Amino acid sequence: MTTSSLEVSGVELRYGTFQALKGIDLSLDSGQFLALLGPSGCGKTSLLRSIAGFERPQAGAIEVDGKDMMPLRPRERNLGMVFQHYALFPHLTALGNVAFGLKCRGTPRAELADRATMALDLVGLSHLADRRPRQLSGGQQQRVALARALVIEPNLLLLDEPLGALDRKLRIEMQTELRRIQQRLGVTAVFVTHDQEEAMAMADKIAIMRDGVIEQVGGPQDIFAAPASHWAAEFIGSGNLVCGALRPNGKGGLDLDGVPGVDLSVSEQAATGRLQSDGRGTLFVRAEKLTLTAQNEDAVPGTARVTSQRYLGVHYEVHVETAAGPVRALVAPESASQLEVGRPVTVSAAPEQIHLLPLPDKETT
Ligand SMILES: Nc1ncnc2c1ncn2[C@@H]1O[C@H](COP(=O)(O)OP(=O)(O)OP(=O)(O)O)[C@@H](O)[C@H]1O
Ligand SMILES: [Mg+2]
């Protein structure tokens, strides 16, 4: 199977007067797996359909292996696409569905069955080749759809929420399976999902899309540990945004000032260009990176206090009210016993887990 790079630059797409894509830049190395995350309506499907050639962007360039895709019709682009709803032909068998794309491309009859069988084998379904879609489970149908996309030996695989219709257990199985196949073939893939855990578990790279633009691109760790904006931090969720004055601590760092019971600091270096003129900034810390230390009742007035706690299976989720607003921490059960509701606490985190967000005025609103 060939494997290709993808370069999308300045792509704009309008549906009538509505602009769905507002200048998309995206680049993928050959063999990379990109997860595209973003709220409903932000343009994920529009982007995939533009890459596939089903939509005609009014501006920008799309290149696969350096080759301009814009003048090409969808079939000439040789891309494999899997949709959220499998869209299998009900009257064709699994094998017939997989062979269909080849048939359209004028593949010789003798080759058809062999290649389709190989593709079904790849997704572990060659034993069900004669079944029709209604005789297959959701996961099996999705595998047929995947085999159908792969059988043409695509340069690029485009997957639009392919696992969205599956129940959780099957979905997790298929995540592993899909990633295994993608890696084995080395095929470059763009994968749309609503599910952040799924993106995290599967992707080499994550792009967060918002309202027709790519808000942030990075490795899963970077995206989740250091969101590039307030919006990205809030979209990704499970993190805390703490806003306040940051004052030099004389040790090469800046401490969050004037918030009793909250002990957070960043290095001066990390703060370069990210503080407002009045010295205020917004810190981002993920819930599982916060440490809560129980304090005695004689704590200073206005200090941080536990407002609720609940058991989530592995962690306790503990909410704390602070002078800078509420924060949410995920703590181990052994620490949770001292963190009863009303208890004063100190909220802290290792400096490398605390990120100062860029100033909001740099953000698109
Ligand atoms: N054919 C169309 N004509 C007009 N507007 C459209 C068309 N297709 C999509 N849109 C609009 O473009 C925007 C982006 O749609 P798109 O389907 O790309 O979003 P999405 O990110 O895939 O959303 P979801 O997560 O719900 O699938 C939406 O506001 C949608 O209403
Ligand atoms: Mg969509």
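As the structure lists them, so they are numbered: ligands from 1, and atoms in each ligand from 1. Computed from a prediction, not measured in an experiment: that's the story for all the values here.
- Remark: ligand 1 and Gly43 share an N or O pair separated by less than 3.5 Å (distance only, no angle test).
- The shortest contact between atom 30 (C) of ligand 1 and any protein heavy atom is with Phe18 CE2, 4.6 Å.
- Heavy atoms of Gly38 stay at 4.0 angstrom or farther from ligand 1.
- Near His194, meaning under 4.0 Å from one of its heavy atoms, ligand 1 places the atoms 25 (O).
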Mind running salt bridge (Lys or Arg N to Asp or Glu O under 4.0 Å) on Lys67 and Glu63 for me, showing each step along the way? CA-CA 5 Å; Lys67 187 176 173 197; Glu63 292 179 354; over 6 Å; no

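- With respect to the salt-bridge test (charged N to carboxylate O, under 4.0 angstrom), the residues Arg14 and Glu12 qualify.
- Taking every non-hydrogen atom of Ala20 and a distance limit under 4.0 Å, the qualifying atoms of ligand 1 come out as 12 (O).
- Checking side-chain atoms of Lys205 against main-chain N and O of Ser27 turns up a donor-acceptor pair under 3.5 Å.
- Leu95 pairs in a side chain to side chain contact (heavy atoms under 4.5 Å, CB included) with only one of the listed residues (Leu120, Leu112, Leu128), which is Leu120.
- The closest approach between any non-hydrogen atom of Arg49 and ligand 1 is not below 4.0 Å.
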For salt bridge (Lys or Arg N to Asp or Glu O under 4.0 Å), just list the numbers for Glu177 and Arg143, CA-CA rounded to whole Å, side-chain angles, deciding distance to a tenth of an Å, and then say yes or no. CA-CA 9 Å; Glu177 180 76 2; Arg143 283 166 202 252; 3.3 Å; yes

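- The closest protein non-hydrogen atom to atom 5 (N) of ligand 1 is Tyr15 CD1, 3.4 Å.
- Among protein heavy atoms, atom 16 (P) of ligand 1 sits closest to Ser46 OG, 3.6 Å.
- A side-chain donor from one of Gln182 and Arg179 sits under 3.5 Å from a side-chain acceptor of the other.
- Across the listed options Thr193, Leu36, Thr45, Asp211, Thr45 owns the non-hydrogen atom lying nearest to atom 17 (O) of ligand 1.
- With salt bridges taken as basic N to acidic carboxylate O contacts below 4.0 Å, none links Lys44 and Asp160.
- We find that Glu173 and Arg180 are not joined by a salt bridge, their nearest charged nitrogen and carboxylate oxygen being 4.0 Å or further apart.
- Distances from atom 25 (O) of ligand 1 to the heavy atoms of Gln19, Arg210, Lys44 put Lys44 nearest.
- Atom 14 (C) of ligand 1 has its nearest heavy-atom neighbour, among Gly164, Gly41, Ser50, Ser40, in Gly41.
- Among the atoms of Thr45, an N, O or S atom is found under 2.8 Å from the Mg ion (ligand 2).
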